Structures are given as structure tokens and as C-alpha cells.
Amino acid sequence: MKNRSKKAARYGSRAEKKIAEEYGLEIEGTHASWKDAEFQNGVPVEIKSCMVSTGYFQIYKKYHRVLRQKGGYYALGVYRPHGTGIRLLKTLLKRPSELPLSTWSPTNHQQRQSEKARLQIDDVF
């Protein structure tokens, strides 16, 4: 499982960079627990990606609330592994209020200390 987590993190990092490039987002020096990037005008953006085979995005309630309060966006991307990298299949910008989030579940992730929702690809795209 450890090797799979390393791959998932590597793929996720590559997807984040590709999504940021696609929307002209600033990543350097803008990261916080609740956002990954900003538009050039300072509007915050949380980048979420998922592998098409996984089928869902994970949204954390605590950070979702902050992003919503700050008037931010989600930049969502679906990808597929391709060779040693990834192929970005779909992307979309959404306001937090536009996501169909209704069911929040507890998480065991110590650092996050927040409930989470799993958002299916088909519910977004």
C-alpha cells in the first residue's frame, strides 16, 4: 500500500500543476491548508484531482467552509495515468456552493481533523 500512496501523491501533484497551468493559477507562495493556489487577482482556489478509476474527489468540510467564506473556487480535474505521467481528461471551475455536498463522514486522518465528503465525478461533470 505504501508504494500505491507514493504513486497517488505523485500523480496528484502532477495533476495539480497541470490544472494550475490550464487556469493560469499562481501556486508558488499561495498554499494554505484550505487552498492550493490563487488567481492573479488574489481569489483563492482549492485544486482537487482524482484518477478516473477512483471515481471521486475528497472534500474536507473544515476547509470547504473557509474557501466558501473567502469567495474562492474549486478547480477540479480528472486524470488517467499515462506512461510515467498523467493525462488530464476533464477540468472544471466551481464555486463551493455549486458542489452537491450533502453527506459528511468522519475521517481518521489526524492532520485534517475534519469531516469529509466523497464527490463522484459524475456529480460534478
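Here the structure is a predicted model, which means the values were calculated and not measured. Note that the numbering runs from 1 along the sequence shown for the chain.
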With a 4.5 Å cut-off on side-chain heavy-atom distances among I, L, V, M, F, W and Y, is there a chain of contacts connecting [X] to [Y]?
{"X": "Met51", "Y": "Ile86", "answer": "yes"}
{"X": "Leu99", "Y": "Tyr60", "answer": "yes"}
{"X": "Leu67", "Y": "Ile59", "answer": "yes"}
{"X": "Tyr63", "Y": "Leu101", "answer": "yes"}
{"X": "Val45", "Y": "Phe57", "answer": "no"}

Provide the closest heavy-atom pair for [X] versus [Y] in the form atom of the first, atom of the second, distance.
{"X": "Thr30", "Y": "Ala37", "result": "OG1-CA, 3.3 Å"}
{"X": "Tyr11", "Y": "Tyr79", "result": "CB-OH, 3.4 Å"}
{"X": "Glu46", "Y": "Trp34", "result": "OE1-O, 3.5 Å"}

Separation of Leu93 CG from Leu25 CG (nearest 0.5 Å) = 7.0 Å

note = In this structure, SG of Cys50 is separated from CG of Leu89 (nearest 0.5 Å) by 9.5 Å

query = What do you reckon, is NE2 of His82 surrounded by more than 12 foreign heavy atoms closer than 6.0 Å?
reply = no

Going by atom type alone, with no hydrogens or angles, which donor-acceptor pairs under 3.5 Å involve a side-chain atom of residues 117-125 and a protein atom two or more places apart or on another chain?
residue, atom, partner, partner atom, Å
Arg118, NH2, Tyr56, OH, 3.2

task = With sequence neighbours excluded, give me every salt bridge (Lys or Arg N to Asp or Glu O under 4.0 Å) pair touching residues 33-44.
result = Lys35-Glu38

key: Contact list for residues 84-94, test salt bridge (Lys or Arg N to Asp or Glu O under 4.0 Å), sequence neighbours left out   = none

task = Scan for side chain to side chain donor-acceptor pair (under 3.5 Å) pairs involving residues 67-78, sequence neighbours excluded, and state none if there are none.
result = His64-Tyr74, Tyr73-Arg95

Name every donor-acceptor pair, under 3.5 Å, that has one atom in a side chain of residues 12-22 and the other anywhere in the protein, sequence neighbours excluded.
residue, atom, partner, partner atom, Å
Arg14, NH1, Thr84, O, 2.1
Glu22, OE2, Thr91, OG1, 2.4

key: Cluster companions of Ile27 among Ile, Leu, Val, Met, Phe, Trp, Tyr (side-chain spacing under 4.5 Å)   = none

request  = Check for a donor-acceptor pair, side chain of Tyr23 on one end and backbone N or O of Leu92 on the other, with a separation under 3.5 Å.
outcome  = yes

